[in-house]
Amino acid sequence: MAAVAGTGVLGGLAAVWNRSHGQQLADRSEPWLELLDAEDLPLVERAARKGVLYGAATNHRALQGDPAFAARFLQECGVLVPEYELKWSKLRPDPETYHFGPADWLVEYAVAHGLEFRGHTLVWHSALPAWFHEVVTKDNAERILVEHIRTVVKRYAGAVHSWDVVNEAVLPGDSIPGGLRRSPWLDLLGREYIEIAFWTAAEADPNARLVYNEFELDYATRAEEAKRRAVLELLERLVSSGVPIHALGMQAHLRANRYRFDPEVLQAFLRDVANLGLEIYITEMDVRDHRLPTSIRERDAGVARTYWEYLSAVLEVPQVKAVLTWGLSDRYTWLRGNGHAVRSDGTPVRPLPLDDQLERKEAWGAIARAFDTADPR
Ligand code: G3I
């Protein structure tokens with residue numbers, strides 16, 4: 001487990017944070033601002049004392065090549081999920097080869113540092129290698145899928161807290177029965193590809209929790225309400241047919257000042273999921289600030305408010321057992337690059353708890369306060 005912060009590095013960071021923000025924030029009253037003077041217990045500890053796991057996505061390059069980042073990751077996080085290293089496009093350079101090096105390094109790193117490890121992801125319509133569409137047919141698809149899952153899951157059996165077995169299989173806009181997303185797997189195997197994936201993963205590692213992971217389930221919009229209904233229908237189908245599934249992963253890629261957020265709508269959905277006997281993990285949380293002003297102070301406040309309103313709402317549901325941010329520091333957010341939308345003012349987005357200098361932002365305070373005020377699980 002990550003070291004509990006003393007008055008050393010983190011104490012100094014908190015003092016810097018206090019000085020730089022103290023004057024500007026005197027006239028504000030958000031609940032996380034009290035943290036300016038509170039002890040600087042890291043997120044992993046604040047979450048753990050309420051029975052919640054906190055961690056983040058990262059990659060082997062950042063952990064290997066950036067010791068200052070790695071040190072902050074170990075201080076703040078209790079779970080590691082690889083951003084890329086377990087996806088087909090990285091793992092399977094050709095039909096006969098598994099490139100396990102980077103993923104092995106991350107699993108060994110997690111075990112060596114007492115971190116839980118999340119596997120992401122076994123079946124997805126995206127990040128498929130170039131050879132996939134040339135090689136995989138209706139005749140060999142099941143064999144290739146089963147072999148991939150069996151090979152990968154068995155390799156790490158016993159070291160994985162949970163697997164995102166199937167990722168983003170629902171998209172009502174595709175107008176397919178059950179609100180399923182059109183995907184190569186659906187085209188090749190029909191909707192049973194989902195059951196095949198879960199049964200194969202359960203056989204390969206009976207101890208790992210098996211998760212269905214989805215995004216855009218958060219806001220009170222018609223599209224996201226339709227998606228919540230379709231996800232619930234899928235989960236009901238899986239649970240009622242005895243498929244080994246243990247949790248819903250809510251990615252929670254949030255957007256400040258973009259859509260209407262209704263905590264009661266979200267909580268009702270989460271309770272419906274929990275009533276199926278499933279846990280809920282917030283798996284990829286971050287907050288886009290594209291619609292917030294250029295001023296860093298205003299932007300950080302708006303991002304923090306978004307974290308606060310979402311997390312304090314979801315943590316009222318006792319089956320929410322894990323919260324991961326999709327990255328820990330703005331320095332490595334996926335939202336900078338990969339062709340993702342750039343802010344209209346051209347300034348880099350600031351979606352995560354730590355800034356580019358690895359210092360705590362208001363977002364960190366909002367997440368910390370949400371853990372502090374949550375009921376124990
Ligand atoms: O590693 C190669 C590098 O060798 C090469 O030079 C470079 C050329 O572009 O590509 C690098 O791989 C990139 C990889 O991230 C590692 O940085 C891929 O092109 C890029 O497509 C990949 O993007 C990832 C994306 O999923 C697609 O796999 C993002 O980092 C990652 O944050 C994002 O994460 C997804 C979740 O898995 C599912 N939920 C949504 C989330 C955000 O899209």
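In listed order, ligands and their atoms are each counted from 1. Nothing fancy with the numbering, it's 1 onward along the sequence. Please read these numbers as outputs of a predicted model, since none were measured by experiment.
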- prompt: Considering only heavy atoms, which of His60, Lys87, Glu83, His120 lies nearest to atom 25 (C) of ligand 1?
  reply: Lys87
task: Can you sort out which atoms of ligand 1 are near Lys90, meaning under 4.0 Å from one of its heavy atoms?
output: 1 (O)
query: Looking only at N/O atoms, are Trp334 and ligand 1 under 3.5 Å apart anywhere?
result: no
task: Could you tell me whether atom 5 (C) of ligand 1 has a protein heavy atom closer than 4.0 Å?
output: no
query: With side chains defined as the heavy atoms from C-beta onward, is the minimum distance between His120 and Leu86 less than 4.5 Å?
result: no
statement: Taking only non-hydrogen atoms of Glu284 and a 4.0 Å limit, the atoms of ligand 1 in range are 36 (C), 38 (C), 39 (N), 40 (C), 41 (C)
Distance-only side-chain donor-acceptor flag, Trp105 / Glu85, under 3.5 Å: no
- prompt: Any chance CD of Glu142 has more than 12 other-residue heavy atoms, nucleotides or ligands included, within less than 6.0 Å?
  reply: no
- prompt: Would you say the side chains of Asn59 and Tyr332 form a donor-acceptor pair under 3.5 Å?
  reply: no
task: For ligand 1, note which part of Glu214 has a heavy atom under 4.0 Å away: side chain, backbone, both or neither.
output: neither
- request: Check the hydrophobic clustering (I, L, V, M, F, W, Y; side-chain heavy atoms under 4.5 Å; chains of links allowed) and say if Trp326 and Phe215 are grouped together.
  value: no
- prompt: Any protein heavy atom sitting closer than 4.0 Å to atom 8 (C) of ligand 1?
  reply: no
- request: Number the atoms of ligand 1 from 1 as they appear, then name those within less than 4.0 Å of a heavy atom of Glu168, with their elements.
  value: 38 (C), 39 (N), 40 (C)
message: Looking only at protein heavy atoms, which one is nearest to atom 23 (O) of ligand 1, and what is the separation?
response: Asn338 ND2, 3.7 Å
statement: Counting from 1 in the order shown, the ligand 1 atoms closer than 4.0 Å to a non-hydrogen atom of Arg61 are 1 (O)
- request: Would you please indicate if the ring centroids of Trp185 and Phe132 are separated by under 6.0 Å?
  value: yes
- prompt: For atom 12 (O) of ligand 1, what is the nearest protein heavy atom, given as residue, atom name and distance?
  reply: Tyr84 CE2, 3.7 Å
- prompt: When you check the side-chain N and O atoms of His253 and Glu284, is any donor under 3.5 Å from an acceptor?
  reply: yes
- request: Verify the contact flag for atom 36 (C) of ligand 1, where contact means a protein heavy atom under 4.0 Å away.
  value: yes
task: Considering only protein heavy atoms, determine whether one is less than 4.0 Å from atom 32 (O) of ligand 1.
output: yes
field: Protein non-hydrogen atom found under 4.0 Å from atom 17 (O) of ligand 1
entry: no
message: Check this for me - ligand 1, Asn167, N or O atoms closer than 3.5 angstrom, yes or no?
response: no
Gln251: numbered ligand 1 atoms lying under 4.0 Å from its heavy atoms: 39 (N), 40 (C)
message: Under 3.5 Å, is there a donor on one side chain and an acceptor on the other for Trp163 and Asp205?
response: no
message: A quick test of your reading: do over 12 heavy atoms of other residues, nucleotides or ligands sit less than 6.0 Å from CZ of Arg271?
response: yes
message: Is there a path of hydrophobic side-chain contacts, each under 4.5 Å between heavy atoms of I/L/V/M/F/W/Y residues, joining Leu128 to Leu180?
response: yes
query: Hey, does the Lys NZ or Arg CZ of Arg331 hover above the aromatic six-ring of Phe69, less than 6.0 Å from the centre and inside 45° of the axis?
result: no
- prompt: Hey, is Phe215 one of the residues with a heavy atom under 4.0 angstrom from ligand 1?
  reply: no
message: Whether the side chain of Arg343 engages the backbone of Asp289 through a donor-acceptor N/O pair (distance < 3.5 Å, no angle test) should be reported.
response: yes
Donor + acceptor pair across side chains of Thr347, Asp345 (<3.5 Å): yes
field: Protein heavy atom under 4.0 Å of atom 41 (C) of ligand 1
entry: yes
task: Verify the contact flag for atom 14 (C) of ligand 1, where contact means a protein heavy atom under 4.0 Å away.
output: yes
message: Under 4.0 Å, heavy-atom basis, I'd like to know which part of Asn213 is in contact with ligand 1: side chain, backbone, both or neither.
response: neither
query: Can you check whether a protein heavy atom sits less than 4.0 angstrom from atom 21 (O) of ligand 1?
result: no
